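Everything below concerns the one structure shown next.
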Amino acid sequence: MAAGGRATPPRLLEESAARKPAARSLAPPPPTGPRSDGRCPVRARLSTGGRRLYSSHAMNEQMQDRRAKLDKIRGLGVDPFGGRFPDTTPHEDIRAAAAELEIEEGQILEDGEVFHAAGRVVLCRAFGNLIFLTVRDQTGDLQYGLSKKMVAEGWKVAKLLDLGDIVGVTGRLGRTKTGELTLWVSAFRLLAKALRPPPEKRLGLTDVEARYRRRYVDLFSNPESRRVFLQRAQIIAYIRQKLRERRFVEVETPILQPIYGGAAARPFLTHHNTLDMRLYLRISPELYLKRCLVGGLERVFELSRCFRNEGISPRHNPEFTMLELYQACGDYHDMMDICETLIAGAAREVIGATVVRFGETDIDYTTPWPRRKYADLFREHVGLDIGDIAAIRERARTLHAAGDLKADESRLDDPVVVNELFEHYVEDKLVHPTFVLDYPAALCPLTKRHPDDPHVALRFELFINGMEIGNAYSELNDPDIQRENFSRQLRGEENETMAVMDEDFVQALEYGMPPAGGLGIGIDRLVMLLTGSTSIRDVILFPLQRPRQGNASADEGTAPAAAAEPERETP
RNA sequence: GAGGGUGUAGCUCAGUCGGUAGAGCAACGGCCUUUUAAGCCGUGGGUCCAGGGUUCGAGUCCCUGCACCCUCACCA
C-alpha cells in the first residue's frame, strides 16, 4: 500500500464533518505528519482561509485536486491562464499540410516546418517520460506528443496537465510507430487550467438539460453539436452570399416596436423609461422592410431575430431567426425561385447532398419543387370542395366531437374553419419540399389578390417534412385595401389577428410602394432539416430554459436576479 | 394548460421482493518513451432532485413540489 496515499486522513475529516455538519467546511485539517502530495495544504487553505468557503458539492474532490495543481503550477512560476499565443495553425490545416509530405512511421521531421497550435486536451495517454495528448480545436482533433527530453523544464508543468486544459504548443510533425500523425512538441504553454472536470471522454455530455444549460460543455465535448452550429453558420453565410449576388441589401429594422405586426402572435412587452412608452419586441420585421421598399431600397433582406410569446416545443422557441426579404417589381413566383436557390443550394454546398436524412425520412431537395394549389390539396386530402362550407363545417364538427380537432367551428369564421381542416389533413403529408399556392384571401391581409378571383391571395407557403419553412406573398401595395384589411377583424380561437391597424404603414403605402415579392424563411427550422436536428433547441446555442431555483451559486447558468418585475399585461 | 416519462458519484448508467450504495470512465498513489477509449496494481469519492408520509427499516412504496424530455393544446 502506498504510504503517501490519502486514505486515512480524509476519512477522518469526513467523519468529523459528519458529526458536526455545520462545522464541516471549517474543520481544521487532521493532525498528520509531513505530506508530499500537496493536497492537504490546499484543503487547509480552502477550508480555513478568509476567502469564500466552498461547500462540499460546490467544490468536489476533483476540483480540489485541480486547484492543488493550479497552485503547484504557480509555484513553478508559470501562469496557468496564459496569454496571447499568436500564429496558430488550425488542426485541419496542419493535417492538410501533412498530407503533402511523406512522413514515415516513427519519423519526426527534425528540419521540417515548425507549427504553432492550440486547443483543449480531450484525451491523455501518459507514460513515464512520454505523454500523448489528443487535442481539440475548432477544426478537429490532433495528437500532440510530449517527451521529457524534448520539452525539458516544461516537463514539470506537463505532468500537471489534466483533461480539459487548454494548451498552446510549438512543434514539428511526425508519425508514431503506429502511423498516427503527431505534432512533436518542443515548447508549450498552458493557456487555461480547467478547474472543473470535463464529461466522460467518449460519451461527452448526453443529458439534454445539461447540454442546453451548459452549452459550452456540450460544444467542446460533443463534436456533433459543434458540427451543427458550424453548419448553421455556413448556411447563413451561404444565404448572405447568394442574396448579395442578386443585389439584395442587408438592412436592420427595429426590434423594439410601438405597434407589433406582420404576423399573428402574442408579443413580448417591454417599456422605455425615458419616453415612458410601451414597446413590443417584434414578432416580424415585415412592415418595416416594406417601408424600405417605399423608400427606394429595392431589394432588401434582414436576418431577423423575432420574439413570440407562445408555447415552447421541439419546433418553437420564444426567440427565433427569420430571413425576410423583399424584391421590388417581383412577385411570389420570384420568391419560389429564391427559395429553391437558397435551400437546395445550401443543402448542396454546405451539407454536400441533395437528399438529406431527417429522423426516419430521406428528404429530396432536388429542384424544381412541386407547386400545388391550396384548393387542390384541400380537395385531394380532405375530400371536400373548398367552397362547400356546409360540408366543411360538418366535418369540423364531427372531428371536434371525436376529440380529433380542438377548434370549435361554431366560434370560427369560414376561412379559419377551412384552414383548420387544411392543417389537420394536409400539412403533415407534405414531406418533400412543396409550395402550397393561392391561399384564401381572408387569411392573408398583407397579400395582393388574384386578378381573376378576389377570394384568392397570391401567397405560398413552403412545407418540408410537414413543417412550415417559408411564407411568401405578392405584396399588397394598394393602401386602401390595406386599410380595409386592417380594419376587418377575423374571428379566430384566440381572437387574434395579424391585422393590427398601423396608420403610419398605410401612409407609407400612400406614397407608393412598388409591387414586390416578399419571402420569409424560418432559419432555425431550415437548419434543423439540413443538419438532421429534430429539436429546435439543438440548433439554437442557448435556448430558453427555466432557471434552476434554489441555486444561488453560479453553478447552472441561472438568470441574473431580476432588477424589477416587468409588466405582465398582454395586449 | 392536459397526459406520459426521467432525476442515483464530476460524466455515462445499473440498483432484483423494501434490508449495509454499485460499475465503467474521470480522479488520487505506484510502474511504464510510441499510445489511440493505452495497460497493470492499489485508493478515495454519494444532499439517491426537494419536502412530507407509511414502515422496525425507503434509492425502492404513497403524497406534494421542482426541473427536464416527449405527445397533445397554443403557435392563423
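As the structure is a prediction and not an experimental result, all values here were calculated from the model. Sequence lines set the chain letters: A, B, ... in the order given, protein chains first and strands last, and positions in each chain run from 1.
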How far, in whole Å, is [M] from [N] if one measures between their [atom1] atoms?
N: B/rU55; M: B/rU60; atom1: P; value: 16 Å
N: B/rG3; M: B/rC74; atom1: C1'; value: 16 Å
N: B/rG59; M: B/rU20; atom1: C1'; value: 13 Å
N: B/rC11; M: B/rA26; atom1: P; value: 15 Å

Can you figure out which of [options] approaches the side chain of [X] most closely?
X: A/Arg546; options: B/rC28, B/rC68, B/rU71; answer: B/rC68
X: A/Asp65; options: B/rU35, B/rA27, B/rA76; answer: B/rA27
X: A/Tyr473; options: B/rC69, B/rA67, B/rA76; answer: B/rA76
X: A/Val208; options: B/rC69, B/rU34, B/rC11; answer: B/rC69

Q: Could you give me the CA-CA distance, side-chain angles and deciding distance for A/Asp218 and A/Arg215, then say whether salt bridge (Lys or Arg N to Asp or Glu O under 4.0 Å) is met?
A: CA-CA 5 Å; A/Asp218 178 42; A/Arg215 180 70 84 187; 2.8 Å; yes

Look at [X] and [N] and indicate whether a side-chain polar atom (N or O) is within less than 4.0 Å of OP1 or OP2.
X: A/Arg66; N: B/rA27; result: no
X: A/Arg125; N: B/rA38; result: yes
X: A/Ser313; N: B/rC70; result: no
X: A/Lys69; N: B/rC28; result: yes
X: A/Arg537; N: B/rC70; result: yes
X: A/Thr176; N: B/rU35; result: no

Q. Does the side chain of A/Trp155 reach to within under 4.5 Å of the side chain of A/Leu146, using non-hydrogen atoms?
A. yes

Q.
If you define the side chain from C-beta out and look only at heavy atoms, does anything of A/Asn317 sit under 4.5 Å from A/Asp524?
A.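 The answer is no; the side chains never approach within 4.5 Å.
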
Q.
If we count only N and O atoms by modelled type, under 3.5 Å, do the side chains of A/Gln143 and A/Thr182 hold a donor and an acceptor together?
A.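 There is such a pair (donor and acceptor under 3.5 Å, judged by atom type) between the side chains of A/Gln143 and A/Thr182.
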
Q. Distance only, no hydrogens: is a donor on one side chain within 3.5 Å (strictly under) of an acceptor on the other, for A/Asp502 and A/Tyr260?
A. no

What is the nucleic acid contact for [X], judged by heavy atoms within less than 4.0 Å: base, sugar-phosphate only, or nothing?
X: A/Lys201; result: sugar-phosphate
X: A/Pro314; result: sugar-phosphate
X: A/Gly204; result: sugar-phosphate
X: A/Asn419; result: sugar-phosphate
X: A/Ala210; result: nothing
X: A/Leu123; result: sugar-phosphate

Nearest-angstrom distance from the residue atom [atom1] of [X] to [atom2] of [N]:
X: A/Asp207; N: B/rG10; atom1: CG; atom2: C1'; result: 13 Å
X: A/Leu544; N: B/rA67; atom1: CG; atom2: P; result: 12 Å
X: A/Glu180; N: B/rU33; atom1: CD; atom2: P; result: 21 Å
X: A/Leu446; N: B/rA76; atom1: CG; atom2: P; result: 13 Å

Check if the side chain of [X] and the base of [N] share a donor-acceptor pair of N or O atoms closer than 3.5 Å.
X: A/Gln143; N: B/rU35; value: yes
X: A/Arg202; N: B/rA37; value: yes
X: A/Ser147; N: B/rU33; value: no
X: A/Glu209; N: B/rA67; value: no

Pair assignment for [N], Watson-Crick or G-U wobble, requiring both distances under 3.5 Å:
N: B/rC31; value: B/rG39
N: B/rA23; value: B/rU12
N: B/rG51; value: B/rC63
N: B/rG46; value: none
N: B/rC72; value: B/rG1

(Q) If you compare all heavy atoms of A/Lys69 against all heavy atoms of A/Leu161, which two are closest, and at what distance to 0.1 Å? (A) NZ-O, 4.2 Å

Q) Does a side-chain N-to-carboxylate-O contact under 4.0 Å join A/Glu319 and A/Arg305? A)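 Salt bridge present between A/Glu319 and A/Arg305.
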
